[in-house]
Amino acid sequence: MGVELGLAAQADALRKGEVSSAELVEASLDGIRRQESLGAFRVVREAAVEEAREADKRLAEGERLPLLGVPVAIKDDTDIEGETTPFAVAGDHRPAVRDGEVVRKLRAAGAIVVGKTTTCEIGLWPFSESPAYGAARNPWNPEYTPGGSSGGSAAAVAAGMVAGAVGSDGAGSIRIPAAWTGLVGIKPQRGRVSGHPHTDPFNGITVWGPLARSVKDAALLLDVLSGSHPEDAYQVGRPVLPFVHATRREPGRLRIAVSYRTAFGVSGKLDPEIRAAVERISRRLTELGHKVFPADPDYGLVGLGLIPRGTAGVADWLDSIPNARPEARTEAEARIGRLVGKRLLPLARRMDPYLQKKVGRIFRFADVVLTPTTAQPPLKVGAFDGAGYQKTQSGVAAACPYAWTWNVLGWPGVNVPAGFTKNGLPIGAQLLGHDSDEATLISLAAQLEVVERWTERRPR
């Protein structure tokens with residue numbers, strides 16, 4: 001009992017004594033072992049068994065924390081004491097000497113980290129595959145990717161190995177895997193969740209956030225993770241009310257702009273099944289009483305805010321790995337970062353107010369923007385095996401042109417499940433919000449979940 005429950009339900013069952021942490025963690029580890037072929041985890045922490053026994057003692061003594069005794073997973077870009085953090089790149093990695101801030105917050109809430117999930121090299125691609133650490137596969141159909149770069153975290157949740165996992169999102173890397181595995185994925189406001197010891201992750205485009213089956217579970221995990229570190233470049237901190245509170249309130253009648261436009265210079269032919277799914281969601285929102293209408297954000301030269309940050313960030317991460325042995329396409333991205341990206345970083349940062357003002361004009365007459373999360377359904381595992389930098393970059397840009405703009409702006413976005421292709425692969429739609437307005441997106445997503453009932457749909 002318990003493994004099929006969500007995060008909040010597991011925490012509640014533990015508080016009531018209906019299940020033990022040892023049972024939940026053993027069930028999680030058993031699920032990981034049984035579904036090892038999905039490649040969701042790079043590291044499985046057997047130490048979680050002893051940590052579960054300790055959690056049961058604390059529960060028996062009356063201690064109460066939001067996730068005390070609940071198993072969760074973290075992405076392999078996140079430090080946990082005693083484990084390496086290769087971020088999918090081969091090299092002479094040393095074990096972390098202390099927990100990163102994400103893990104510190106999880107432990108402070110009582111959660112038990114059962115392992116570190118599979119990703120791609122330095123989070124570059126919307127698939128989670130690397131020569132050194134293997135491939136994560138989609139529980140809905142293992143021939144396909146669960147997305148990337150938080151694909152291992154998404155696969156772990158979708159397959160029921162854990163009820164919630166942490167990912168990171170620098171250009172859609174939480175929302176894309178959530179879309180392709182039928183989950184809720186939240187990219188928080190820039191600075192909402194600390195990535196310390198990384199004080200300015202990928203120069204302001206990367207944030208950490210939750211993947212879960214339900215909005216309530218994702219909001220609970222975001223509440224646990226929220227809060228800035230004193231050394232962070234961006235300081236946001238916790239909201240006035242917990243995000244879980246937003247799942248329990250009606251969003252009111254919102255103005256929702258539906259957009260299929262991609263940013264200037266980004267190709268991407270929208271798959272007809274994905275367009276139909278987003279149109280169906282827009283009709284559903286109309287039925288719920290919202291004012292839904294077509295309107296496009298004015299993206300301008302938003303790409304100039306992404307490329308310097310991303311390429312320079314890859315260069316910095318790769319250069320921090322002793323004796324790094326990356327793929328050629330990863331090295332090509334880093335080389336661009338060293339030669340061009342770092343020189344253009346000051347310009348990219350100076351553009352922030354201009355781009356936020358330009359794109360933000362849509363919020364004069366809309367409260368939320370609804371777009372597809374991806375332009376194409378999940379890619380086949382190995383679709384870009386052996387491909388060079390240019391072919392991979394152009395291919396993934398065409399498949400996923402919708403998510404990255406909000407990373408440049410630093411604003412929140414939420415993927416919600418939007419249905420399935422005729423081949424049974426999940427489709428996602430994203431709700432995009434204004435500065436620090438996660439609560440509106442969470443409230444709207446929770447309202448949508450009640451009528452869409454996506455938590456009932458699980459892979460076989």
Side-chain angles (χ1 to χ4, degrees), residues 75 126-128 138-140 145-158 164-189 192-193 206-219 221-222 243 246-247 256 258-260 270-271 273-275 277-278 280-282 284-285 368-378 399-407 411-421 425-433 437-438 440-449 452 454-455 457:
K75 184 177 175 178
F127 50 81
S128 296
N138 197 318
W140 294 93
T145 181
S149 61
S150 306
S153 288
V157 176
V166 181
S168 60
D169 191 315
S173 288
I174 288 172
R175 290 160 290 157
I176 292 165
W180 285 352
T181 57
L183 301 177
V184 176
I186 302 177
K187 181 200 102 60
Q189 173 72 23
R192 177 75 68 196
V193 176
T206 294
V207 291
W208 277 255
L211 289 141
R213 187 167 279 111
S214 74
V215 179
K216 181 179 180 181
D217 284 349
L221 191 48
L222 182 57
F243 289 121
T247 68
I256 302 172
V258 183
S259 175
Y260 299 99
L270 182 59
D271 184 278
E273 288 187 289
I274 294 179
R275 177 182 278 273
V278 176
R280 187 188 65 77
I281 291 293
S282 67
R284 178 72 88 179
L285 291 167
V368 174
V369 179
L370 170 68
T371 81
T373 304
T374 68
Q376 296 176 21
C400 301
Y402 287 102
W404 62 268
T405 52
W406 247 244
N407 294 85
W411 296 338
V414 177
N415 176 80
V416 294
F420 294 84
T421 68
L425 294 170
I427 292 170
Q430 60 176 350
L431 307 173
L432 301 172
D437 197 16
E438 293 101 324
T440 295
L441 304 181
I442 289 168
S443 181
L444 179 60
Q447 183 190 49
L448 198 54
E449 183 181 285
E452 286 287 294
W454 56 64
T455 58
R457 300 192 288 267

Where the side chain of [X] meets the backbone of [Y], is there a donor-acceptor pair that is under 3.5 Å apart?
X      : Y      : result
Gln189 : Glu438 : no
Ser150 : Ser173 : yes
Trp406 : Gly433 : yes
Thr371 : Ala429 : no
Arg175 : Gln430 : no

Do the non-hydrogen side-chain atoms of [X] and [Y] ever get within less than 4.5 Å of each other?
X      : Y      : value
Val414 : Val215 : no
Val416 : Glu449 : no
Cys400 : Trp180 : yes
Pro177 : Pro146 : no
Ile427 : Pro377 : no
Val278 : Leu370 : yes

[atom1]-[atom2] distance between [X] and [Y], expressed to the nearest 0.5 angstrom:
X      : Y      : atom1 : atom2 : result
Arg213 : Arg457 : CZ    : CZ    : 11.5 Å
Asn415 : Thr373 : CG    : OG1   : 4.0 Å
Lys187 : Leu441 : NZ    : CG    : 10.5 Å
Thr455 : Lys216 : OG1   : NZ    : 12.0 Å
Arg280 : Glu452 : CZ    : CD    : 4.0 Å
Ile174 : Ser149 : CD1   : OG    : 9.0 Å

Kindly give the heavy-atom pair with the smallest separation between [X] and [Y], and that separation in Å.
X      : Y      : result
Ala418 : Ile281 : CB-CG1, 3.8 Å
Pro139 : Ala155 : CG-O, 3.5 Å
Ile442 : Leu222 : CD1-CD2, 4.2 Å
Gly148 : Ser128 : CA-OG, 3.6 Å
Thr181 : Ala154 : OG1-CB, 3.6 Å
Asn407 : Gly170 : ND2-C, 3.2 Å

Looking only at side-chain N and O atoms, does Ser153 offer a donor or acceptor that is under 3.5 Å from a partner on Lys75?
no
Before you tell me yes or no, could you show the steps for Thr374 and Ile176 under side-chain contact (heavy atoms from CB on, under 4.5 Å), namely the whole-Å CA-CA distance, both residues' side-chain angles and the distance that decides it to 0.1 Å?
CA-CA 7 Å; Thr374 68; Ile176 292 165; 4.0 Å; yes
Walk me through it: do Leu444 and Leu285 pass the test side-chain contact (heavy atoms from CB on, under 4.5 Å)?
CA-CA 9 Å; Leu444 179 60; Leu285 291 167; 3.7 Å; yes
Are Arg284 and Leu448 close enough, and set up right, to give a side-chain contact (heavy atoms from CB on, under 4.5 Å), and what steps lead you there?
CA-CA 8 Å; Arg284 178 72 88 179; Leu448 198 54; 3.6 Å; yes
For Thr206, side chain to side chain contact (heavy atoms under 4.5 Å, CB included) partners two or more places apart:
Ser168, Pro201, Phe202, Trp208
